[in-house]
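Below you'll find the structure, written out as structure tokens, and then a few comments.
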Amino acid sequence: MQGDRCLAHIPDGFLSAPVIAGAAVLSAAALAVAVRRSQSRLGEQEAPILGAATAFVFAAQMLNFPLGAGTSAHLLGGVLVATLVGPSVAILVLFSVLLVQALLFQDGGIAALGANTLNVAVIAVVGGYGSYRWLLALVGMGTRRMIASAAAGAYVSVVLVGIAVAIELALSGTLPLVPSLVAIGGIHLLVGLGEAALTAAILAMLMRAQPELLRRESPPPPVRRKWVYAVTAVSMLLAVTAVYAASARPDALEAASRRLGLGESVASYFQSPFADYTAQIGGAWIAAAGGVMVVFAVGFGLTKMIVRTRRNP
Amino acid sequence: MSFHHLDQYAHIESPITHTPPVVRLLGTVVVAVGAAALPLGAWGHMAVLALLVGLIALLARVPARVMLLRVSGPLAFVVLASTAVLFLVPGQPVFHAGPVVVTDAGLLRFGSAIGRAVVALGAAVILVSTTGFPDLVSAFRDLRLPRVVTTSLGLAYRLLYTLVDEIERIERAARSRNVGAGARRRRQLAVGIAATALTRSFARGERTYRAMLARGYHGEMPSLRTRRVDVNSLIGLGLLTVTVLATTISAYMIR
């Protein structure tokens with residue numbers, strides 16, 4: 001898993017010109033929003049906090065954590081930094097780290113900097129921190145709940161990076177979409193476990209040693225919490241019932257893939273039990289219900305496991 | 001730890017070090033994007049860009065041995081990352097490597113990725129070898145990168161030396177006190193070191209900030225080395241851009 005550095009930091013030579021340009025535009029827009037928000041949040045303390053956090057993430061990414069079986073991983077740090085200084089500052093911190101890594105150490109391409117920023121700084125932080133806040137609203141405030149939610153958010157952030165890298169490689173014509181998703185997404189499913197464990201362990205240690213460093217998250221008002229529950233319930237209901245109302249025509253990604261000729265070159269390397277949202281027994285309804293249950297079980301189980309581990313160290 | 005060995009050709013008199021850092025940075029981006037935009041299998045055009053990079057290295061007086069050494073490290077990661085392309089892309093089988101089949105389409109993509117990466121890495125190595133980090137930060141400022149990013153980069157660069165040195169010392173001490181410890185114990189130590197690094201970096205950041213305020217810092221990092229973009233540098237950058245553009249566009253026209 002030492003190789004996750006290569007996968008999360010796409011080198012030059014893997015992406016096509018349109019993907020490079022599109023990712024650069026999207027990440028520039030996200031950085032502009034992050035700069036505006038961080039200035040209003042931190043004021044004149046902005047530069048020292050950003051500098052310190054940048055130095056920390058850079059140094060932490062040089063530390064390898066043994067995972068066993070001869071493998072090691074390093075921290076990406078998006079959700080960890082976001083829980084300390086907020087998501088907009090975390091985006092700027094990770095962008096600064098990527099910039100230094102690409103220019104000084106050639107870790108990640110210069111032409112691919114926009115794509116790497118989009119994946120590691122924007123998608124990972126926004127997706128991971130969003131999941132963290134959403135879980136906090138669901139399970140409520142508290143030290144253990146915060147740690148568990150941050151760990152789950154960190155896991156989501158790494159998986160999202162894997163999916164984004166796979167899609168960008170497929171859009172560039174470097175790899176077919178399905179093998180790319182299976183290979184890169186699959187590796188990030190494992191790497192995410194390391195990121196979740198590291199984020200939880202470092203946060204737990206900080207809460208004991210220096211709790212004032214952590215960002216004070218205000219508990220969501222009861223009305224908002226009810227909304228979160230309602231939206232979650234409606235999402236689950238939609239996932240289960242919408243399969244019957246779904247169109248059989250290809251979605252935008254499938255249509256784009258076919259137009260790019262990716263559809264023809266896709267080879268099936270993994271037969272999912274719910275391929276095309278249909279189960280062999282029970283059809284679409286069982287597939288949707290099974291999918292929702294699996295996603296819920298993974299999230300719930302992960303959160304419970306971390307909370308239990310923290311209670312009985 | 002020190003990054004000074006990286007820019008050891010920054011103080012050598014050469015046509016490249018005479019150009020302002022912002023022009024060097026833009027030139028690197030032009031070469032990297034030009035190489036990335038080349039179509040698959042444009043071997044001749046990749047060779048032209050590689051020759052161009054070699055010529056610039058010659059002008060910058062960066063020895064070939066240094067170029068090869070510095071390119072080979074990151075290139076090993078690129079080769080590792082692109083190995084999967086060899087057998088994940090469907091195509092005509094070329095040969096069997098154990099249980100996997102290497103295809104012609106996979107070979108094409110693998111070779112193209114390596115070729116483009118060599119050109120981009122070469123350009124990046126020349127930039128880093130001839131440009132100190134403070135000059136790079138001033139180049140970012142000239143490119144109108146947000147002030148907060150350039151200021152924090154400058155600060156992080158100063159903090160990084162002490163922080164990484166400190167982490168290395170703590171790590172060495174922890175290793176020597178825990179010889180023969182299992183993976184679980186080593187994991188705990190690594191987490192402890194990371195948490196220590198985090199608290200110390202924030203504490204140092206705060207102290208550095210106060211020291212800067214005491215020395216008259218008012219939100220702008222002053223630079224002692226300001227070099228204006230002159231006509232000659234602009235002509236050089238223009239020539240480079242035209243050459244790279246012509247190479248990339250001709251690769252598409254020939255196909």
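No hydrogens, no waters, no symmetry mates; every other heavy atom, side chains included, goes into these values. Throughout, a chain's letter reflects where its sequence line sits, starting with A, and its residues are numbered from 1.
Shown here for A/L175 and B/L88, the closest heavy-atom pair between the two residues is CD2-CB, 3.6 Å. Between B/P74 and A/F105 the shortest heavy-atom distance is CG-O, 4.3 Å. Of all heavy-atom pairs between A/P176 and B/P90, the closest is CG-CD, 3.4 Å. Nearest heavy atoms, B/A36 versus A/A111: CB-CB, 4.0 Å. The two residues B/R109 and A/T174 have their closest heavy-atom pair at CD-O, 3.1 Å.
For A/L99, the part lying under 4.5 angstrom from a heavy atom of chain B is the side chain only. For B/T248, no part lies near chain A; criterion is any non-hydrogen pair under 4.5 Å. Proximity to chain A (any heavy atom under 4.5 Å) is shown, for B/A117, by both the backbone and the side chain. Interface remark: B/V71 contributes no atoms to any contact with chain A (heavy atom separation under 4.5 Å). The contact between B/L145 and chain A is made entirely by side chain atoms (from C-beta outward), counting heavy-atom distances below 4.5 Å. In this structure, chain A has a heavy atom under 4.5 Å from the side chain of B/L25, while its backbone stays farther away.
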Applying side chain to side chain contact (heavy atoms under 4.5 Å, CB included), run through A/D12 and B/L121 and close with a yes or a no. CA-CA 8 Å; A/D12 278 335; B/L121 285 173; over 6 Å; no

Start with the C-alpha distance between B/F133 and A/V100, add both sets of side-chain angles, then the distance that settles side chain to side chain contact (heavy atoms under 4.5 Å, CB included), and finish with yes or no. CA-CA 9 Å; B/F133 193 79; A/V100 173; 3.9 Å; yes

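The residue among A/L103, A/V93, A/L15, A/L80 with the most heavy atom pairs within less than 4.5 Å of chain B is A/L103. Per-residue counts of heavy-atom pairs under 4.5 Å with chain A were compared for B/G73, B/A113, B/A32; the largest is that of B/A113. Note: B/L153 leads B/V33, B/L153, B/T28 in heavy-atom pairs under 4.5 Å with chain A. The residue among B/G91, B/A124, B/G34 with the most heavy atom pairs within less than 4.5 Å of chain A is B/A124.
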